[in-house]
S.K.: 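My structure is below; once you've seen it, I'll send some questions.
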Amino acid sequence: MSVPYNHHEVEQKWQKVWDGENAFKTSDDYSKPKYYALVEFPYPSGQGLHVGHPRPYTALDIVARKRRMQGYNVLYPMGFDAFGLPTENYAIANKIHPRIVTKNNVERFKGQLHSLGYSFDWDREINTTDPEYYKWTQWIFLKLFKAGLAYKSEMPINWCTSCKVGLANEEVVNGVCERCGSEVVRKVKSQWMLKITDYAEKLIQGLDTVDYVERIKVSQKNWIGKSQGAEVDFVLSGKEDRLRIYTTRPDTLFGATYMVLSPEHPLIDKYKDEIGNWDQVVAYREMASKKSDFERTELSKEKTGVAVMGLTAVNPVNGQEIPIWISDYVLMSYGTGAIMAVPAHDERDWEFAKKFGLPIIEVVAGSPVSVEEAVYTDVASGTLCNSDFLDGLSVAQAKEKIISFLEERGIGSRKTNYKLRDWVFSRQRYWGEPIPVVFCEKCGYVPLDESELPLELPEVESYMPTDSGDSPLAAMTDWVNTVCPCCGGPGKRETDTMPQWAGSSWYFLRYTDPHNDRELASKEALNYWMPVDWYNGGMEHTTLHLLYSRFWHRFLYDQEIVNTPEPYQKRTSHGMILGSNGEKMSKSRGNVVNPDEIVRDYGADTLRTYEMFIGAFDLSAAWSEDGVKGCRRFLERVWKLQDMITEGDGYSADLETKMHQTIKKVSGDFESLKYNTAIAAMMALINEFYRKNAVTRGEYKTLLILLNPVAPHITEELWEAAGFEGRLYQASWPEYDEDKTVESTVEIAVQVNGKLRLTINIARDEEKDAVIARAKEALGDKLSGNIVKEIYVPGKIVNIVAK
RNA sequence: GCCGGUGUGUCGGAAUUGGCAGACGAGGCAGACUCAAAAUCUGUUGGUGGCAACAUCGUAUGGGUUCAAGUCCCAUCACCGGCACCA
């Protein structure tokens, strides 16, 4: 009899062996085929590892281990995205330097990750707060700056009137400061911006070349938000100025019955003296400026606005004079900050028109509802009416015709717009990468020379932002005052730091050559390893992080620093692990599960197996302690198989098909995020061994290899105990024979009029006529009436239709 | 409000993408082992009717397409996630 399964001993033993043997060190042998598997590196929070972390890490650990067994040179690295707000706030509250806080948290995370037996190559660990790392983050910023993609702009920030600090959106709760509950207002500050909008088209087109889960592509595209339409100039009655608007529906121009400007629109200031109700306009503006974007959204139900008295516009196609309104549902940041309102065919315009009693003219007939109820009409359908020379045309035809009409007269043109906005790159914070720029009265903003990098964060007394809203660095006059790299005169360093997104926008490049002190990574390493073959991360990062890192990578490609336009060949997402009550795990809900306790009580292999078995990988799943026990029981049953081993390096005759089927199933499922059904297949296989109370050495060996990526410690131990050659992690992935995965006889269902009546066994390759004849015979008097149709789906089903 | 996702036994979830709904696991029930319990092993387990063979209903709801629908189409409801009223 075998000794009982002691997960503690087994796991400690093998983790030591793997460390000692450098088992998972990535080779620099560039002649081998490569595989680069990547998971999002964690933010080392003070709470330590969450049970949500092991889900994606285990999934790609499975892929990495399988690839190694298939002969690939595998890069499966790990690091820490350690700059950020929570660490800084913790440091402020506890008067500890954020560097120390980070160091402690990283150590804890590493210990926890190690206890789970991941095959990361720790020699390649990176940390975004390491000056040797952020040197290159700063270096990329300088490249962007020199390429004209970094610029300064006035942008509003959230400003707490009581704490006198700028706040992240996350710190503003219901319009008030999360910490002190005081009012938060928008305060304009000069901020560094990155021109991601220059890359909008490239970022859309790049999606056609990669293998991302469809909904991820959709969210990237929706975020960039390309739309095609036209810009049209409306003349202001009796004025020289023209009011330019953007519309995706130029075909509905005849239905424009009023205009709406964003409250901040500059034309309003220009005609200040002629506006009859200026006080009202100012009051409305003030109200709108207090609203955050989120509030504007929340208040979406009730439209607000003010008519601008004394200004009217002329519809260029029919000469009609129409009123001008201002409303905060029109944003200055999109299009031209002004719209023509077509209430008959736009839901928002319709609501607005109804509320303020503005005229509604239907210009696309065939809307399913009356004018009273009219809403936006589908672009592809409908015929124009009430539109003079457009009458009778389809929407698509009308669009073309009106654009030509406008272009001929010089009053409008075709225009493509993007929702995407430039990236606000400044933070008034301490714990981030310093922006390597000096301001000089004479030369303006001057980049540091590359040789000056890294520009390290100086030691400061206090991490609190200053009263003026500047970063804590602004108080460090010794550091701030420097010389201009351009003219040698007096200069001041930029005191804002970079956002947390910066370090994570290129980290996957650094893993390919993490200790290089001359380049961000060598050409050879980048050419060999990039692109990342498979990148998995959370759904919450499928817009911003994914887009930002694709933008930087595409820029570096244009700079000929990397050799592929897209960084990630394949991108998948995992679902969240919820508490046992089905709600998000959080301290306040009291439903947090600590992975350390699961490792202690059941073992890392059980935790890994459970997290893979819990449900469909891309959907969220609720934690269940009973489920953990079930997986532990499965591993116990695997352990006890060692007492049933019989001689024979091959597969026993009655299980040969099952073995080949299982190899095929597990191999395929590991590639397609179906870890739960792969494990189910292995459970079913061992149930067969139990039924017979026997397993041949050959069957046992195959099972251990298949299970190894999921539960690496226990399988390695059993491999050694059974006396198989070498280490299991060095074994070869088993092959299957397609011919042997199919049974020679199959059971098929026999239906009459689509209802199951019975099943029969047939030879797999039996002809249709023969199968149907046997089905009829078996049915006997269950079959009555005239046979109308006979259907045979090979190997599946017979359906006889009778009347 | 908009966008995306999900809805299947008592529970977590399967279903080769239109072909025997409920694999695998959990829980329940029964049996074996035990003085007993736990652990372990074996069997059983969607509802209704029937001693049974079997029949019948059943994948959020209501329609539809099809020889055949959890899967496709239309409408509706509920829940989860994201959001920048994007003209």
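To find a chain, count down the sequence lines: A is the first, B the second, and so on, and within it residues start at 1.
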S.K.: Round to the nearest Å and state the distance from M259(A) atom CE to rA87(B) atom P.
M.R.: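 Rounded to whole Å, this separation is 17 Å.
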S.K.: How close do S327(A) and Y284(A) get, counting heavy atoms only, and between which atoms?
M.R.: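 Minimum heavy-atom contact is CA-OH, 3.5 Å.
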S.K.: Please measure how far the C1' atom in rG81(B) lies from the corresponding atom in rA32(B), and state the result in whole Å.
M.R.: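 About 50 Å, rounded to a whole number of Å.
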S.K.: Rounded to the nearest 0.5 Å, how far apart are CD of E790(A) and CG of D769(A)?
M.R.: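 Answer for the CD-CG pair, E790(A) versus D769(A), is 8.0 Å.
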S.K.: Counting heavy atoms from C-beta on, name the nucleotide in rG12(B), rC83(B), rC20(B) closest to the side chain of F613(A).
M.R.: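 The closest nucleotide is rG12(B).
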S.K.: Look at all strands and tell whether I791(A) reaches a base, only sugar-phosphate, or nothing, counting heavy atoms closer than 4.0 Å.
M.R.: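 Touches a base.
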S.K.: Of the nucleotides rC20(B), rC41(B), rG4(B), which has the atom closest to the R637(A) side chain?
M.R.: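 My answer, after comparing the listed nucleotides, is rC41(B).
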S.K.: Give the nucleotide from the list rA84(B), rA23(B), rG4(B) with an atom nearest to the side chain of L331(A).
M.R.: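 Selected nucleotide (nearest to the side chain): rA84(B).
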S.K.: Is there side-chain contact between E40(A) and N536(A), with heavy atoms separated by less than 4.5 Å?
M.R.: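 Of all side-chain heavy-atom pairs linking N536(A) with E40(A), none is under 4.5 Å.
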S.K.: Whole Å only: how far is the CG atom of D618(A) from the P atom of rA14(B)?
M.R.: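 One finds 9 Å between P of rA14(B) and CG of D618(A), rounded.
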S.K.: In whole Å, I'd like the distance from the OH atom of Y334(A) to the P atom of rA87(B).
M.R.: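 These atoms are roughly 4 Å apart.
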S.K.: Strictly by Watson-Crick or wobble contacts shorter than 3.5 Å, is anything paired with rU71(B), and which nucleotide is it?
M.R.: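 Paired with rU71(B), as far as the under-3.5 Å criterion goes, is no nucleotide at all.
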S.K.: Using atom NE2 of H541(A) as one end and atom P of rC83(B) as the other, report the distance to the nearest whole Å.
M.R.: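 It is 11 Å, rounded to the nearest whole Å.
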S.K.: Counting side-chain heavy atoms from CB outward, which of rC85(B), rC67(B), rG5(B) is closest to L619(A)?
M.R.: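 Nucleotide nearest to L619(A)'s side chain: rG5(B).
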S.K.: Give none if rC11(B) has no partner; otherwise give the nucleotide forming a Watson-Crick or G-U wobble pair with it, both distances under 3.5 Å.
M.R.: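 Checking every strand shown, rC11(B) finds its partner in rG25(B), with both distances under 3.5 Å.
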S.K.: Between P on rA23(B) and NZ on K658(A), what's the gap in Å once rounded to a whole number?
M.R.: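 My rounded result for the distance is 13 Å.
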S.K.: By the 4.0 Å heavy-atom rule, please label N676(A) as base, sugar-phosphate, or nothing.
M.R.: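 Sugar-phosphate only.
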S.K.: For nucleotides rA68(B) and rA15(B), find the distance between their C1' atoms and express it as a whole number of Å.
M.R.: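 Looking at atom C1' only, rA68(B) and rA15(B) are 16 Å apart.
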S.K.: Would rU61(B) be called syn or anti here, given the cut-off of 90° from 0?
M.R.: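 Nucleotide rU61(B) adopts anti.
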S.K.: When we call it a touch if two heavy atoms are under 4.0 Å apart, what does T759(A) touch: a base, just sugar-phosphate, or nothing?
M.R.: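 Answer is base: heavy atoms of T759(A) come under 4.0 Å of a base.
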S.K.: Would you indicate what Q751(A) reaches in the nucleic acid, counting non-hydrogen atoms under 4.0 angstrom: base, sugar-phosphate, or nothing?
M.R.: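 Base contact - Q751(A) has a heavy atom under 4.0 Å of at least one base atom.
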S.K.: Heavy atoms under 4.0 Å, any strand shown: does T543(A) hit a base, just sugar-phosphate, or nothing?
M.R.: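 T543(A): no heavy atom of the nucleic acid under 4.0 Å.
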S.K.: Between rG27(B) and rA38(B), how far apart are the two P atoms, rounded to whole Å?
M.R.: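 Comparing P positions in rG27(B) and rA38(B) gives a spacing of 13 Å.
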S.K.: Applying side-chain contact (heavy atoms from CB on, under 4.5 Å) to R244(A) and V232(A), what does each step give before you reach the verdict?
M.R.: CA-CA 6 Å; R244(A) 175 162 292 183; V232(A) 184; over 6 Å; no
S.K.: Taking R249(A) as the fixed residue, which of D251(A), T247(A), T252(A) is the one that meets the side chain to side chain donor-acceptor pair (under 3.5 Å) rule?
M.R.: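 It is D251(A); the other options fail the test.
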S.K.: What is the base-pairing partner of rA30(B), counting Watson-Crick and G-U wobble geometry with both distances under 3.5 Å?
M.R.: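 Matched rA30(B) with rU42(B) under the 3.5 Å cut-off.
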S.K.: Counting side-chain heavy atoms from C-beta on, which of rC41(B), rC85(B), rG4(B) comes nearest to R215(A)?
M.R.: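 Minimum distance to the R215(A) side chain belongs to rG4(B).
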S.K.: Would you say a side-chain N or O of K789(A) is under 4.0 Å from OP1 or OP2 of rC67(B)?
M.R.: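 For rC67(B), OP1/OP2 do have a side-chain N/O of K789(A) under 4.0 Å.
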S.K.: Where the side chain of T677(A) is concerned, which of rA15(B), rC67(B), rG25(B) is the nearest nucleotide?
M.R.: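 Nearest listed nucleotide: rA15(B).
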S.K.: I'd like the P distance from rG63(B) over to rG70(B), given in whole Å.
M.R.: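 Taking atom P in both rG70(B) and rG63(B), they lie 15 Å apart.
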S.K.: State, without any angle test, whether H7(A) and D605(A) hold a side-chain donor-acceptor pair at a distance under 3.5 Å.
M.R.: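 No pair is found: no donor N or O on one side chain lies under 3.5 Å from an acceptor on the other.
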S.K.: Are any of the side-chain heavy atoms of I614(A) and R55(A) separated by less than 4.5 Å?
M.R.: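 I614(A) reaches R55(A) side chain to side chain.
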S.K.: With rounding to whole Å, what would you report as the distance between rA14(B) and rC29(B) at their C1' atoms?
M.R.: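 Per the computed distance, 24 Å lies between those C1' atoms.
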S.K.: Base, sugar-phosphate alone, or nothing: which one does A622(A) contact when heavy atoms must sit under 4.0 Å apart?
M.R.: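 A622(A): no heavy atom of the nucleic acid under 4.0 Å.
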S.K.: Provide, to the nearest angstrom, the distance between the NZ atom belonging to K419(A) and the P atom belonging to rA87(B).
M.R.: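 For the pair K419(A) NZ and rA87(B) P, the rounded distance is 6 Å.
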S.K.: Name the residue closer to the 5' end of RNA chain B, choosing between G754(A) and T336(A) according to the nucleotide with the nearest heavy atom.
M.R.: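 Mapping each residue to its closest nucleotide by heavy atoms, the 5'-most match is G754(A).
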S.K.: Distance from I326(A) atom CD1 to L261(A) atom CG, nearest 0.5 Å?
M.R.: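 Answer for the CD1-CG pair, I326(A) versus L261(A), is 8.0 Å.
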S.K.: In whole angstroms, how far is the C1' atom of rC24(B) from the OH atom of Y675(A)?
M.R.: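 Taking atom C1' of rC24(B) as the reference, OH of Y675(A) is at 18 Å.
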S.K.: Could you check if the base of rG9(B) is syn or anti? Syn means the glycosidic torsion is within 90 degrees of 0.
M.R.: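 Nucleotide rG9(B) adopts syn.
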S.K.: With rounding to whole Å, what would you report as the distance between rA55(B) and rA37(B) at their P atoms?
M.R.: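 Straight-line distance between the two P atoms is 42 Å.
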S.K.: To the nearest angstrom, how far is N222(A) atom CG from rG4(B) atom C1'?
M.R.: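 Result: 8 Å.
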S.K.: State whether F234(A) and R242(A) meet the cation-pi test: NZ (Lys) or CZ (Arg) under 6.0 Å from the six-membered ring centroid, and within 45° of the perpendicular axis.
M.R.: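 Geometry flag: not set, cation outside 6.0 Å or 45°.
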S.K.: How many angstroms lie between atom OH of Y690(A) and atom NZ of K640(A), to the nearest 0.5 angstrom?
M.R.: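 Rounded to the nearest 0.5 Å, the OH-NZ separation comes out at 5.0 Å.
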S.K.: In whole angstrom, give me the gap between the C1' atoms of rA26(B) and rG5(B).
M.R.: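 Here rA26(B) and rG5(B) have their C1' atoms 26 Å from each other.
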S.K.: Name the nucleic acid region contacted by S227(A), choosing base, sugar-phosphate or nothing; use a 4.0 angstrom heavy-atom cut-off, strictly under.
M.R.: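 Since only primed, P, OP1 and OP2 atoms lie under 4.0 Å of S227(A), the category is sugar-phosphate.
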S.K.: If you measure only the distance, is there a donor-acceptor pair under 3.5 Å linking the side chains of Y334(A) and S227(A)?
M.R.: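 There is such a pair between these side chains.
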S.K.: On a whole-Å scale, what distance lies between the C1' atoms belonging to rG49(B) and rG28(B)?
M.R.: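 rG49(B) and rG28(B) have their C1' atoms separated by 23 Å.
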S.K.: Under 4.0 Å, counting only non-hydrogen atoms across every strand here, what does E790(A) touch: a base, just sugar-phosphate, or nothing?
M.R.: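 No contact.
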S.K.: So which nucleotide does rG1(B) pair with, by the Watson-Crick or G-U wobble rule with both distances under 3.5 Å?
M.R.: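 The answer is rC83(B), by the H-bond criterion.
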S.K.: Quick check: on RNA chain B, is the nucleotide nearest I679(A) upstream (toward 5') of the one nearest K665(A), or the reverse? Name the residue that is more 5'.
M.R.: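 The answer here is K665(A).
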S.K.: Under 4.0 Å, counting only non-hydrogen atoms across every strand here, what does N687(A) touch: a base, just sugar-phosphate, or nothing?
M.R.: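 Sugar-phosphate, no base atom in range.
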S.K.: Hey, does K674(A) reach any base, or is it just sugar-phosphate, or nothing, if we go heavy atoms under 4.0 Å?
M.R.: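 If one applies the 4.0 Å heavy-atom cut-off, K674(A) turns out to touch the sugar-phosphate alone, with no base involved.
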S.K.: Using a strict heavy-atom distance below 4.0 Å, which residues from residues 623-633 of chain A are in contact with RNA chain B?
M.R.: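 By residue number: D626(A), G630(A), R633(A).
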